[in-house]
Amino acid sequence: MSPLAHAGVDQAYVDSLNISWADNERGHGPSGTAIRTGQLSLTHNLLTDPDAAPWREGAIQHGIASVLSLPLRVDGEIFGALGIGAPEPDAFAAQEMELLSEAAEDLAFGIETLRSKARRAQAEQEIQRLNRALATRVAVNHALIHASDESDLLEEVCRVLVAECGYRLAWVAYRQEDPAEPERQVAYAGSDHGFLARADTWAAGAKGKAYIQRFAAELEAGRPLVIRNRLDEPIDELLDEAIEHGFASAIVLPLSVDEQLIGKLVIMAMEADAFDEQEVELLFATAKDLGFGIATLRTRAKAAQAEATIRRMAYFDALTELPNRLNLREQLEDAIASAKQEHRALGLLQLEVGRNQAINETLGYPEGDRLQQAIAARLVQAVSASSTVARIGESEYAVLMPSGGAEQASQLAQKILVALYEPIDLSGLLLDARASIGIALYPGHGTDSDALIRRAGSAMDQAKRSSAGYALFQGGLDSECAQHLTLMSELRRAIDGNQLLLHYQPKLQIATNKVCGSEALVRWQHPQHGLLPPNDFIKLAESAGLITPLTYWVLDAALGQSYAWHEEGDARPISVNLSAHDLRDPKLLERIRGAFATWGAQPNWIEFELTESALMEDPVAALQTLTQLRNLDTRLTIDDFGTGYSSLAYLQKLPVDSLKIDQSFVTNMLSDDDDSAKIVRSIVELAHNLDLEVVAEGVESRETLTRLGNFGCDIAQGFSISRPIPGDSFRAWEALSTWH
């Protein structure tokens, strides 16, 4: 090992180290071990480590007790080590070693950067050398300058050497990795009359290999080999061939690219003394120029390939190889310009298809990718060759129909829906890939690309609420979207500014006819629109990413009301709803604990209600979150039960206390041939068999309440008991009601 730089010790000490990376006494120190093994090497105490004996005396003199050595590597190859000494034993902690390892990686990267700059500087020098030699080597350098392809360049150089420079034969052979075929001829010129083929056969034999090994080291060293009189060489079988074809002398020139030998250039002449010193120098320089020309062409090819890759990445979706959003926009702009000039209509269809998030989380990302690839293939097959299919989002696609109006666009949408109707098989699961399609038309719905893309998206949202599966843009959608955006902004300010209200709907214990708790239901006192019920803004909050902040506002407000009631001696719990978004919030438990701490609340102050459909979006993660909530000693209820299609096996695993039957079953108990009543009775029996309490919501008549009692239902909630009541009026209502 050669020390190249040091600090903290004198040069004499560094020169005395005599470190090796061989597996011997001088190679068992930290630096030798780091280079030999490729791993970080640490000597905790030079004064006691037996492997440090050769350096112990010098270490004591220089106050070094422990040494850390880090291997330096570039592209997986180790070229040195960074050694660091400290005055105390066991100086290097784990975190410190991790940081120093990163520093060593940065150092290695910097060295490689400098080496790359040096290689580039060398290439620039080769260009200058090429220009200086241009006057004497016009023919060959002309080929270098004008070459655009590596194989064409090699053929042209061989042709020039024979046709313009007067040599008898010239050929280029490249090295191969296959031992059975160590080199392969890639270009030649001259009248060889089959000589090259016979020479290849001879070279594959024992005598040929032995002869070639004589000059292999010269080529590896980057030096040419000159055979001034071919007839004097002991090549037996080829001697007659050489005499017959007039090959009296030859030169073998190494071809190198970036200092790596890639092959050889062989030139044969008729004269025995053809290659004198000046000629060898000229041809050797020509071979170097040729190597540089090859390197340049390869660099250009890589650059062109990289440019094509970058352009493809910029304009095409990597997964499906379909045009992406940027590409679609440009094609749409061109199509609009053509349609305007030719006075015709065109259509843009935007569709959302597939459920990638659920697939990715359940089956993994490869299966989610397969789903999108299958969808893309069906779309391409469904549309005509003149239409463009683009992938513009995770599960969103667009189809540009360059000609046609509403009827043609609707027919195309129907054709796409049919193509996507059949389920897609992923890992044995048949997955529904049906789509929602929005249609926007030029010029009726917009005359520029942005307007058509925006309105096709609006129509797609409308299609999601349509049974037809597709929808044509309607003029009112833009203003509706603008109103939604305004409401989103206002809702955010209402949450931040504490401008919302909570009403509380009583829960009745059926067996005792007494109020046993209440559910907190949020209201928005909008300055222009008045008191807005949850249905008017909850969906808006979900789409705007505000549902979790809204949940935390409700929790805090409910705890504040519960605190006030507890001060009055009322210890009944308040139910608070959690959404699917809330379950995915990593700070959910932290925020709940913080809210409890703020109000000095006990876990029994609050009951959390989670809809069955929210739990089924990600059953595994939901179970983990419910378990964490259960560890807080809070009561948990599955809301809207019967609509989420959860299995009995899954239900048994959930750490919940009660089921709330969805109001769609309760409301219809008296009106739909008793089917809903049978479902309600079954849910009550199922819940009780699992030791769960049963709550029925949507109880709107005394008859329904009585029937629920007969079924054994535990708790009821609905308008027949009371509508939601402001918190400050709740106890006054209860005092005047029959439920106390």
Item to check | Verdict with supporting geometry, Thr637 and Val656, side chain to side chain contact (heavy atoms under 4.5 Å, CB included) | outcome: CA-CA 6 Å; Thr637 297; Val656 298; over 6 Å; no
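- Looking at heavy atoms from C-beta onward, Ser722 lies out of side-chain contact with Trp739 at the 4.5 angstrom threshold.
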Checklist entry - Do Gln462 and Gln474 pass the side-chain hydrogen bond (donor to acceptor under 3.5 Å, both in side chains) test, and can you show the C-alpha distance, the side-chain angles, and the key distance before you say yes or no? => result CA-CA 9 Å; Gln462 183 69 23; Gln474 299 174 8; 5.0 Å; no
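- Residues Cys713 and Ile510 come closest through the heavy atom pair O-CD1, 3.5 Å.
- At least one side-chain heavy atom of Phe730 sits under 4.5 Å from a side-chain heavy atom of Val515.
- Atom CD of Gln652 is separated from atom CG of Asn689 by 10.5 Å, given to the nearest 0.5 angstrom.
- If you take CD1 on Ile606 and CG on Leu629, they are separated by 12.5 Å, rounding to the nearest 0.5 Å.
- You'll find the side chain of Ile725 stays beyond 4.5 Å of the side chain of His503, heavy atoms only.
- Using a distance-only test at 3.5 Å, with no hydrogens or angles considered, a donor-acceptor pair links the side chain of Ser737 to the main chain of Glu734.
- The heavy-atom pair separating Glu352 from Met460 by the smallest distance is N-SD, 3.3 Å.
- The two residues Ala435 and Val353 make their nearest non-hydrogen contact at CB-CB, 3.8 Å.
- Judged purely by atom type and a 3.5 angstrom limit, Ser562 has no side-chain atom pairing as donor or acceptor with the backbone of Ala558.
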Checklist entry - Where do Leu502 and Gln561 land on the side chain to side chain contact (heavy atoms under 4.5 Å, CB included) test, with the steps shown first? => result CA-CA 9 Å; Leu502 279 188; Gln561 182 63 68; over 6 Å; no
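- No side-chain N or O of Ser458 forms a donor-acceptor pair with one of Asp461 less than 3.5 Å apart.
- Counting heavy-atom neighbours within 6.0 Å of Glu703 CD, excluding the residue itself, gives a total of 12 or less.
- When the shell of 6.0 Å around CZ of Arg731 is examined, it contains more than 12 heavy atoms from other residues, nucleotides or ligands.
- One finds the OG1 atom of Thr551 at 8.5 Å from the CG atom of Leu588 (value rounded to the nearest 0.5 Å).
- Judged purely by distance below 3.5 Å, without hydrogens or angles, the side chains of Gln602 and Asp633 never pair a donor atom with an acceptor atom.
- Between the side chain of Asp317 and the backbone N or O of Asn324, no donor-acceptor pair lies under 3.5 Å.
- For Ala716 against Leu705, the heavy-atom pair with the smallest separation is CB-CD1, 3.5 Å.
- Under a cut-off of 6.0 angstrom, the local environment of CD in Glu568 is crowded, with over 12 non-hydrogen atoms contributed by other residues, nucleotides or ligands.
- Counting non-hydrogen atoms of other residues, nucleotides and ligands closer than 6.0 Å to NZ of Lys464 gives a total above 12.
- Proximity of a side-chain donor or acceptor of Thr704 to a complementary backbone N or O of Val699 within less than 3.5 Å is not detected.
- A distance of 7.0 Å separates OG of Ser395 from CD1 of Ile375, quoted to the nearest 0.5 Å.
- Residues Pro655 and Leu623 meet the side-chain proximity criterion, which asks for heavy atoms closer than 4.5 Å.
- With hydrogens and angles disregarded, no donor-acceptor distance shorter than 3.5 Å links the side chain of Arg455 to the backbone of Phe473.
- Defined by atom type and a distance below 3.5 Å, a donor-acceptor pair is present between the side-chain atoms of Asp582 and Thr548.
- Taking every heavy atom of both residues into account, Ile453 and Gln350 meet most closely at O-OE1, 3.4 Å.
- The CG atom of Leu659 lies 10.0 Å from the CG atom of Asp714; values are rounded to the nearest 0.5 Å.
- Between Phe719 and Gln505, the closest side-chain pair of non-hydrogen atoms falls below 4.5 Å.
- Between Trp605 and His566, the two ring planes are parallel [angle under 30°; tilted spans 30° to 60°].
- Under 4.0 Å is where a charged nitrogen must lie from a carboxylate oxygen, and between Glu590 and Arg593 no such pair does.
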Next on the checklist: Set out, in order, the CA-CA distance, both residues' side-chain angles and the distance that settles side chain to side chain contact (heavy atoms under 4.5 Å, CB included) for Thr611 and Asn577, then state yes or no.
Outcome noted: CA-CA 8 Å; Thr611 64; Asn577 293 284; 5.8 Å; no
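- Glu490 has its side chain within reach of Arg493: a pair of non-hydrogen atoms, C-beta onward, lies under 4.5 Å apart.
- Between Trp524 and His526, the two ring planes are perpendicular [angle over 60°; tilted spans 30° to 60°].
- Using a 4.5 Å heavy-atom threshold, the side chains of Leu420 and Leu379 count as touching.
- Of the possible polar contacts, none joining the Arg391 side chain to the Ala376 backbone as a donor-acceptor pair under 3.5 Å is found.
- Of the residues Glu697, Glu519, Glu693, Glu609, the one that meets the salt bridge (Lys or Arg N to Asp or Glu O under 4.0 Å) test with Lys507 is Glu609.
- Of the possible polar contacts, none joining the Arg591 side chain to the Asp585 backbone as a donor-acceptor pair under 3.5 Å is found.
- Remark: Phe608 CZ to Leu578 CG distance equals 5.5 Å, nearest 0.5 Å.
- With a 4.5 Å cut-off on side-chain heavy atoms, Leu550 and Leu500 count as touching.
- Scanning all heavy atoms of the two residues, the minimum distance from Ile437 to Leu351 falls at CG1-CB, 3.7 Å.
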Item to check | side chain to side chain contact (heavy atoms under 4.5 Å, CB included) assessment of Arg378 paired with Tyr421 | outcome: CA-CA 10 Å; Arg378 290 193 184 185; Tyr421 182 80; over 6 Å; no
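- In this structure a side-chain-to-backbone donor-acceptor pair under 3.5 Å is present from Asn668 to Ser664.
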